[in-house]
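Quick notes on the structure that follows.
Just the heavy atoms: all of them, side chains too, but no hydrogens, waters or symmetry mates, feed the values below.
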Amino acid sequence: MPQLPRAVFAMNPVHLPELFPPRLMTRLRSLAGIDPTLVVRDFGDPDVAGALAEAEVLITGWGCPPVDTDALTAAPRLRTLLHAGGSVRDWVGEAVWERGIAVSSAVGANALPVAEFTLASILLAGKDAFRLRERFRAEHVFPATGDHSSVGNVGRRVGIIGASRVGRRVLELLRPFDFAVSLYDPYVDASEAADLGAVPLPLDELLRTADIVSLHAPDTPETYRILDARRLALIPDGGVLVNTSRGALVEPAALQHELVSGRISAVLDVTEPEPLPADSPLYGLPNAFLTPHIAGSLGNELERLGRTVVDELALLGAGLPLAHVVRRADLVNSA
C-alpha cells in the first residue's frame, strides 16, 4: 500500500472545524498523513519544526503566515500547497513559484457565494427595494402612489467591471434575466465578451450607460481608485454601485460625497477603510446599503472550500493533475 503524503495545516485554527467538519476531516485523513491538532501559525515555531520538515503538502487557509523563503527552508520537502480560501496573491511569496511548488486554491468555490450575493443585490437594486424599504419603515404605508416608472428589471442596464472568477460567474447568473449587460475588462476581447453574454465597453462609456455598476476587478496597483471622483460622476443620476470586490477600487471621499448628495445609491459589502469609522455618515444614509464583508463564504459555505481541498488531495494521491491550479500569471486578473 502506497504511503500517504505528509501534510500540515497552516491557518488560523478557528477556521479548521468550519472548513473540515468531522466527516470531511475523516476523508482528508484517509488521503494524507496529518495531525488535525497541529496548526501552524508561525513557520519559525520550534514546536512545529518536525512536522514541517516532513511535510510534502501544506493545507492553508485564512490566517496563514506568509509562505516565503523562510517557510520553504522550514519545509524542504514541500511540493504542493492547497489553499482552502480565495486568492493566494498576498501571502504566497516568489520563492514558492521559483521552487516550482504546485499551488491550488478554492478561489473558484469562494467566488460562488460572492456572485450569488451580487445577483441578489442587482435584482433588489433594480426593484428599488433598498430605498422603498426605508420609505416603508418611515411611513408605514405601501408606496401605492407616486412615479415608479424607473422601477423594475426589464431592460435594466447592468455594467460589470472585471471578468474575474466572480465577474464571470455573475455574468453567467445574469443570463436568464432581461438585462442589457456590458463589460469592462482590458484582458477580454470582443469575441470573449460576447461569449460571456456582454457587450464590451470602455470604462467611461460603461459608467455613463449603466443603471447598475458592479465591481469585480482584482485589487492591484492598476485598479487602485479605478472609480475616482471623475468616474463616479459619470454614473447616471439614480444609478447604483455594487461593490463586493475591494474598497480600494473606489475613492472613499468621492463615494461619500456622491452618497451624501443622494445622487446615486450603493450596495457596499466592502469599504475603505474596513470597517468604516463609527462616525461615518454612510451608516445612516437610506441610499447606502452596508454589509460587513459577508459576500464570500460563511457558515455552511465554508465546507465547500474544505471539500475542494480534499478533492485535490484525492487527485494528488491518484497521480492525476490538480483541478484548481493557480499559476503566477493567473494572479494578474483574478478576484
Search all heavy atoms of [X] against all heavy atoms of [Y] and return the closest pair with its distance.
{"X": "P5", "Y": "V57", "answer": "CB-CG2, 4.2 Å"}
{"X": "A288", "Y": "L282", "answer": "CB-O, 3.7 Å"}
{"X": "A111", "Y": "V166", "answer": "CB-CG2, 3.6 Å"}

Evaluate the side-chain proximity of [Y] to [X]: yes if any heavy-atom separation is below 4.5 Å, no if none is.
{"X": "V242", "Y": "V213", "value": "no"}
{"X": "T308", "Y": "H324", "value": "yes"}
{"X": "I101", "Y": "L72", "value": "yes"}
{"X": "F179", "Y": "I212", "value": "no"}
{"X": "F9", "Y": "V39", "value": "yes"}
{"X": "I161", "Y": "L207", "value": "yes"}
{"X": "R29", "Y": "V310", "value": "no"}
{"X": "W97", "Y": "V326", "value": "yes"}

Tell me the salt bridge (charged side-chain N to carboxylate O under 4.0 Å, His left out) pairs involving residues 58-77, sequence neighbours left out? E54-R77
Evaluate the salt bridge (charged side-chain N to carboxylate O under 4.0 Å, His left out) criterion for residues R41 and D47: first the C-alpha distance (whole Å), next the side-chain angles of each, then the deciding distance (0.1 Å), finally the verdict. CA-CA 11 Å; R41 297 299 305 278; D47 291 337; over 6 Å; no
Among all residues two or more places apart in sequence or in another chain, which pass the side chain to side chain contact (heavy atoms under 4.5 Å, CB included) test with [X]?
{"X": "A233", "result": "E258"}
{"X": "P22", "result": "none"}
{"X": "A248", "result": "D219, Y224, R225, E272"}

Could you verify whether a donor N or O on one side chain and an acceptor N or O on the other, from H293 and E274, lie under 3.5 Å apart? yes
Which residues pass the side chain to side chain donor-acceptor pair (under 3.5 Å) test with T118, sequence neighbours left out? T244
Side chain to side chain donor-acceptor pair (under 3.5 Å) partners of T291, counting only residues at least two apart: D269
In sequence, state the C-alpha distance, the side-chain angles, and the governing distance for T60 and H83, and then conclude on side-chain hydrogen bond (donor to acceptor under 3.5 Å, both in side chains). CA-CA 5 Å; T60 62; H83 184 50; 2.8 Å; yes
Chi angles and distances behind the side-chain hydrogen bond (donor to acceptor under 3.5 Å, both in side chains) call for S245, N243: CA-CA 6 Å; S245 180; N243 191 1; 4.7 Å; no
